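Just below is one structure, and these are the notes that go with it.
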Amino acid sequence: MDCLFCAIINGDIPSNKVYEDDKILAFRDINPQAPVHVLVIPKTHIPSVDGINEENSSVIAHIFETIPKIAKSEGLTSGYRVVSNCGDHACQSVKHLHFHILGGSQMLDRMA
Ligand code: 5GP
Ligand code: ZN
């Protein structure tokens, strides 16, 4: 399968890792949209939020258990935003489920 984030998981494409375990990987976005912009991905290929189901959702729980630890290690003491773009209307560009952690400065109230 031709998937950019699977290639990052496999080490075929380098990334700036901030967290890794056997189930998930977190790395810095190549085009940061905030002072801190980290992507958190499952090591299993799930195309988007729309592909989450009863069989694969345990890794999603693990991602959300880990996000506060990553936020703490990144110094996001004043808050942060977690975003997952799903599908065309949301401008999802990489079809491997990922959660953006954005923080480090005051964000706009409006989200869309
Ligand atoms: P999406 O638009 O699908 O929600 O987010 C995809 C994100 O992946 C974008 O923020 C983009 O900057 C990031 N991205 C695309 N290619 C690469 C890459 O090769 N390395 C890293 N670290 N981030 C990437
Ligand atoms: Zn993938």
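Since we're looking at a predicted model, the values are computed, not measured. For ligands, and for the atoms within them, numbers begin at 1 and follow the listed sequence.
- Residues Val18 and Ile67 fall within the same hydrophobic cluster, defined by Ile, Leu, Val, Met, Phe, Trp and Tyr side chains chained together at heavy-atom separations under 4.5 Å.
- Gln92 contributes a side-chain N or O that, together with a main-chain N or O of Pro47, makes up a donor-acceptor pair within less than 3.5 Å.
- Here the protein heavy atom with the shortest distance to atom 17 (C) of ligand 1 is Ile30 CG2, 3.6 Å.
- From the protein, the heavy atom lying nearest to atom 22 (N) of ligand 1 is Arg28 O, 2.9 Å.
- In terms of polar-atom proximity, defined here as any N/O pair under 3.5 Å, Ile8 makes no such contact with ligand 1.
- For the atom pair CD1 of Ile9 and CD of Glu20, the computed distance is 9.0 Å after rounding to the nearest 0.5 Å.
- Here's the thing with His37: none of its N/O atoms is less than 3.5 angstrom from an N/O atom of ligand 1.
- Judged by distance alone, with hydrogens and angles left aside, the side-chain atoms of Lys43 form a donor-acceptor pair with the main-chain N or O of Asp21 at under 3.5 Å.
- Of all atoms in ligand 1, listed by their number and element, those nearer than 4.0 Å to a heavy atom of Phe5 are 8 (O).
- Atom numbering of ligand 1 starts at 1 in the shown order; those under 4.0 Å from a heavy atom of Gln92 are 3 (O).
- In terms of protein heavy atoms, atom 3 (O) of ligand 1 is closest to Ser93 N, 2.7 Å.
- Proximity to Asn31 (heavy-atom distance under 4.0 Å) selects the following atoms of ligand 1: 12 (O).
- If you take CD on Glu55 and CD1 on Ile46, they are separated by 11.0 Å, rounding to the nearest 0.5 Å.
- Nearest heavy atoms, Pro42 versus Ile24: CA-CG2, 4.2 Å.
- Residues Leu39 and Val94 fail the side-chain proximity criterion, which asks for heavy atoms closer than 4.5 Å.
- Using the six-membered ring where Trp is involved, His98 and Phe5 have ring planes that are perpendicular, over 60° apart on the 30 and 60° scheme.
- For the Zn ion (ligand 2), the nearest N, O or S atom contributed by His45 is named ND1.
- Within the 4.0 Å heavy-atom criterion, neither part of Val83 lies near ligand 1.
- Looking at Asn56, its side chain never comes within 3.5 Å of a backbone N or O of Ile52 through a donor-acceptor pair.
- Looking from atom 7 (C) of ligand 1 to the surrounding protein, the closest heavy atom is Asp29 OD2, 3.4 Å.
- Close N/O approach between His98 and ligand 1 is found [any backbone or side-chain N/O within under 3.5 Å].
- Looking from atom 16 (N) of ligand 1 to the surrounding protein, the closest heavy atom is Leu4 CD2, 3.2 Å.
- In summary, the atoms of ligand 1 found under 4.0 Å from a heavy atom of Cys91, numbered by their order in the structure, are 2 (O).
- Those atoms of ligand 1 with a heavy atom of Phe27 less than 4.0 angstrom away are 21 (C), 22 (N).
- Expressed to the nearest 10°, the angle at the Zn ion (ligand 2) joining ND1 in His96 with SG in Cys6 is 110°.
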**Message:** Walk me through whether Ile8 and His96 qualify under side chain to side chain contact (heavy atoms under 4.5 Å, CB included).
**Reply:** CA-CA 11 Å; Ile8 285 177; His96 182 125; over 6 Å; no

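- Two residues are said to be in side-chain contact when any heavy atoms from C-beta on lie closer than 4.5 Å; Thr66 and Val40 fail this criterion.
- Residue contacts with ligand 1: Asn85 is placed with a nitrogen or oxygen under 3.5 Å of a nitrogen or oxygen of the ligand (distance criterion only).
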